[in-house]
Protein chains: 2
Amino acid sequence: MEKKIFLSEKEMPKAWYNIQADLKSPLPPPLNPATGEPITPDMLSPIFPMNLIEQEVSTQRWIDIPDEVLKRLLMWRPTPLSRAYSLERFLGTPAHIYFKNEGVSPPGSHKPNTAVPQAYYNKIFGTKRLTTETGAGQWGSALAYACNQFGLELKIYMVRVSYNQKPYRRIMMETWNGKCVPSPSSHTNAGRKFIEKDPEHPGSLGIAISEAIEDAVTSKDTKYSLGSVLNHVLMHQTVIGLEAEKQLAMAGEYPDIIIGCAGGGSNFAGLSFPFIRDKIHGKDIKIIACEPTSCPTMTRGHYLYDFGDTAQTTPLLAMCSIGHNFVPAPIHAGGLRYHGMAPLVSKLYMDGLIEARAYNQLETFAAGITFARTEGFVPAPETNHAIACVIEEAKKAKEEGKEKVILMNWSGHGIIDLPSYDAYMAGKLQDYALPDEEIEKLVKELDAFPKPGIAHSS
Amino acid sequence: MEKKIFLSEKEMPKAWYNIQADLKSPLPPPLNPATGEPITPDMLSPIFPMNLIEQEVSTQRWIDIPDEVLKRLLMWRPTPLSRAYSLERFLGTPAHIYFKNEGVSPPGSHKPNTAVPQAYYNKIFGTKRLTTETGAGQWGSALAYACNQFGLELKIYMVRVSYNQKPYRRIMMETWNGKCVPSPSSHTNAGRKFIEKDPEHPGSLGIAISEAIEDAVTSKDTKYSLGSVLNHVLMHQTVIGLEAEKQLAMAGEYPDIIIGCAGGGSNFAGLSFPFIRDKIHGKDIKIIACEPTSCPTMTRGHYLYDFGDTAQTTPLLAMCSIGHNFVPAPIHAGGLRYHGMAPLVSKLYMDGLIEARAYNQLETFAAGITFARTEGFVPAPETNHAIACVIEEAKKAKEEGKEKVILMNWSGHGIIDLPSYDAYMAGKLQDYALPDEEIEKLVKELDAFPKPGIAHSS
């Protein structure tokens, strides 16, 4: 039995899978917060190039990957699918655990799967410069990599707490020619509003998004790029699941359980969407999105219309949210601290097609150490949430004596996050409880907005 | 044309290539410094297990890789061979540049190729605990990874300047259960001798080796493990070249030029030795070992008998050396700061089968940035020496209008070394010239020892 299953470059998927084609009811549209009316594509055109806006609203099932994008993805794709034999042995489980190793990309995560096409579509549209936000820095470095490949300028607003905790990510962005500043910054009105109150404001993804959007709409030949949440972003990630499907078939397997961590939702979507299509058509698969207890957008948030950012500059999105004014605790899984969940992932959750579970920081690091000491590779703190769930399900399979096939997205390596492992091993990390009252208060602020309809799947 | 050439796990080499079988004259033996007589295998037994000593002196051409080792190597091997199309385009060269990506291993370099078999052979020999030294931390983290896989304890003496510069490597070692201390330390007589003079002594690989050996010979069930220099270590690395040979053949190519950086010599040997066999049998290949100008063991050192360590605890080895009392400048390529060169690599150099070139620190970082901005992956500072040479040769091919096939060992990624890129981009790095007088002075101290004979190849 093979340890790793490789696809040849010829077997790389040639089209992205667009789950909007298979939804039982359409996604509730983004709304104009002023009017409550659905926004139209042209209203997004100051922010995004029209070719990406078209992808955002498309319901075409398969969208061809352009050759220039494919060529760049081949710099590290197809990624290996590995069987976690050592972890299985350690747990004494009859489960077959497979992990899709997205850590082999140059920036070390799944993020360049969408950064490369976004840079490409902007390039052919005529954009000269992009802006974006980044939390842990995975997204910012991925977009820096992609913009460098296509000769676009890039400015990255990085959540200050991560900017301070993770200087390596900033250096990586600069190595690829990106310009990175801590957010909130003095470069935008949105940023100045926060640093006037507190010059050392820790920042949040919501604030950083506001800054990046303001910069994009007020600068020449500049567009904005988002690393998660939006439909086209999630669609670009489906190469992960499409590859995994072929690789599992080569091993004669099909997943019983699919697991991914979920911040904005893109790596989870990338692995699971091609399989959710099967589930919609009758396959029995358990699909679990894993989030931190300190930012429990699905497990404890509400499904409602909320802003994508703190400064309320985005359209209203129908999503599971704990409110755009949420300021996250400084957990090390910086990529999982967003107040909302991708509209597509939120809808699938509300439709009962996927489950969600929340994990405490300490148990996720314990899971990460177990993984590193069995399978060798050191996972990102975000990825540790998925691993905690894998271990939970593998133990359950052991109790039940069932040979379950578990597929997880190993969304990134943790080499840049090693100081968080140091803190964990030294007993310096803690869990953060989010009181119910706080969620209720944050969500109450959204009472004035329309509520998205929920279509229950049969 | 494919970007990456993968081998299936079935195509993984099943035996190591031992170049000692093909040398025209035998390697000059290690000598007992007290008597000047060749040392015998049993004299090495306090330091190494007998099964590895047998490999060290073996002249058998192929040595089978044990199944338990193969299984562990498959956690990341075979590694991809990538064609550097973007770099070729950037340079406008007709050369075909291939890089063997050894950065995909869990510790991020070629080092676990020998760490895994060394841990395995110690395990079956009955060793309970290993000691070692590490410079940049690549070797220490690789051995921590390997010892963790086989349930051995490990203590690592890490050169203090790197310990301070690279905390991430220490954390990586600890994540894999290794115990890491800065060297010189207060834990050994060899270490205390140096820190009594200077508590902040920057350390050197030579000193760290002395500490690790002293610890091994004075502790119960403990052996010592070395990450480079020795014959069996270089042999374990030949999986790199054996894989590359198959991969190039799949692309219908054969190398005109082979390039690797060389500190102790193991990654260079791993890629080049299988091809040197062809060269011995008549193939026309240029094979270049790249070293820093600040530690020019081949380009400016002498071929003589020298100690492997500063405290003069090892046997005398016949090697190119700038003397065991050499204290290297604090360049960021920590793995290239060893005073000597592997006896096998040194002999091949003296026999005229390989060339050597030295590069300044600044030009190697410029080369690394060029690589990161074309091929995406950020290289280790050591690897940048090989890249500088690749660029030089690719430009020469352009001038000559020749479609040369260049094969390089991309020995490791530079993610943990990002602060050195930060310093380079900020103009804070410098070159270090090593005056001739200093080399002469260091080498003169060895006048009393025998001189190894040099057999010129015909």
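Sequence lines set the chain letters: A, B, ... in the order given, protein chains first and strands last, and positions in each chain run from 1. This structure is a prediction, so every number in the text was calculated from the model and none was measured.
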Going through the checks in order, is the side-chain contact (heavy atoms from CB on, under 4.5 Å) test met by A:L143 and A:I156? CA-CA 9 Å; A:L143 193 61; A:I156 306 129; 6.0 Å; no
Under a 4.5 Å heavy-atom cut-off, does chain B meet the side chain of A:M172, its backbone, both or neither? both
What part of A:I415 lies closer than 4.5 angstrom to a heavy atom of chain B: side chain, backbone, both or neither? both
Give me the atom names and distance for the closest heavy-atom approach of [X] to [Y].
| X | Y | value |
| --- | --- | --- |
| A:L73 | A:P112 | CD2-O, 4.2 Å |
| A:A251 | A:I5 | CB-CD1, 3.6 Å |
| A:L81 | A:A244 | CD2-O, 4.4 Å |

Side chain, backbone, both or neither: which part of B:M425 has an atom under 4.5 Å from a heavy atom of chain A?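 Only the side chain of B:M425 comes within 4.5 Å of chain A.
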Kindly compute the distance separating [atom1] ([X]) from [atom2] ([Y]), expressed to the nearest 0.5 Å.
| X | Y | atom1 | atom2 | result |
| --- | --- | --- | --- | --- |
| B:I97 | B:L91 | CD1 | CG | 5.5 Å |
| B:L418 | A:I416 | CG | CD1 | 5.5 Å |
| A:F371 | A:F99 | CZ | CZ | 4.0 Å |

Can you list the donor-acceptor atom pairs spanning chain A and chain B that come in under 3.5 angstrom?
from, atom 1, to, atom 2, distance (Å)
A:K3, N, B:E9, OE1, 2.8
A:K3, N, B:E9, OE2, 3.4
A:K4, N, B:E9, OE2, 2.6
A:K4, NZ, B:E9, OE2, 2.9
A:K4, NZ, B:L74, O, 2.5
A:K4, NZ, B:R77, O, 2.5
A:E9, OE1, B:K3, N, 2.8
A:E9, OE2, B:K3, N, 3.4
A:E9, OE2, B:K4, N, 2.6
A:E9, OE2, B:K4, NZ, 2.9
A:L74, O, B:K4, NZ, 2.5
A:R77, O, B:K4, NZ, 2.5
A:Q149, NE2, B:T374, O, 2.8
A:R170, NH1, B:D422, OD1, 3.1
A:R170, NH2, B:D422, OD2, 3.2
A:E174, O, B:R373, NH2, 3.2
A:T175, O, B:R373, NE, 2.7
A:T175, O, B:R373, NH2, 3.4
A:W176, NE1, B:A372, O, 3.0
A:W176, NE1, B:G376, O, 3.0
A:A372, O, B:W176, NE1, 3.0
A:R373, NE, B:T175, O, 2.7
A:R373, NH2, B:E174, O, 3.2
A:R373, NH2, B:T175, O, 3.3
A:T374, O, B:Q149, NE2, 2.9
A:G376, O, B:W176, NE1, 3.0
A:D422, OD1, B:R170, NH1, 3.2
A:D422, OD2, B:R170, NH2, 3.2

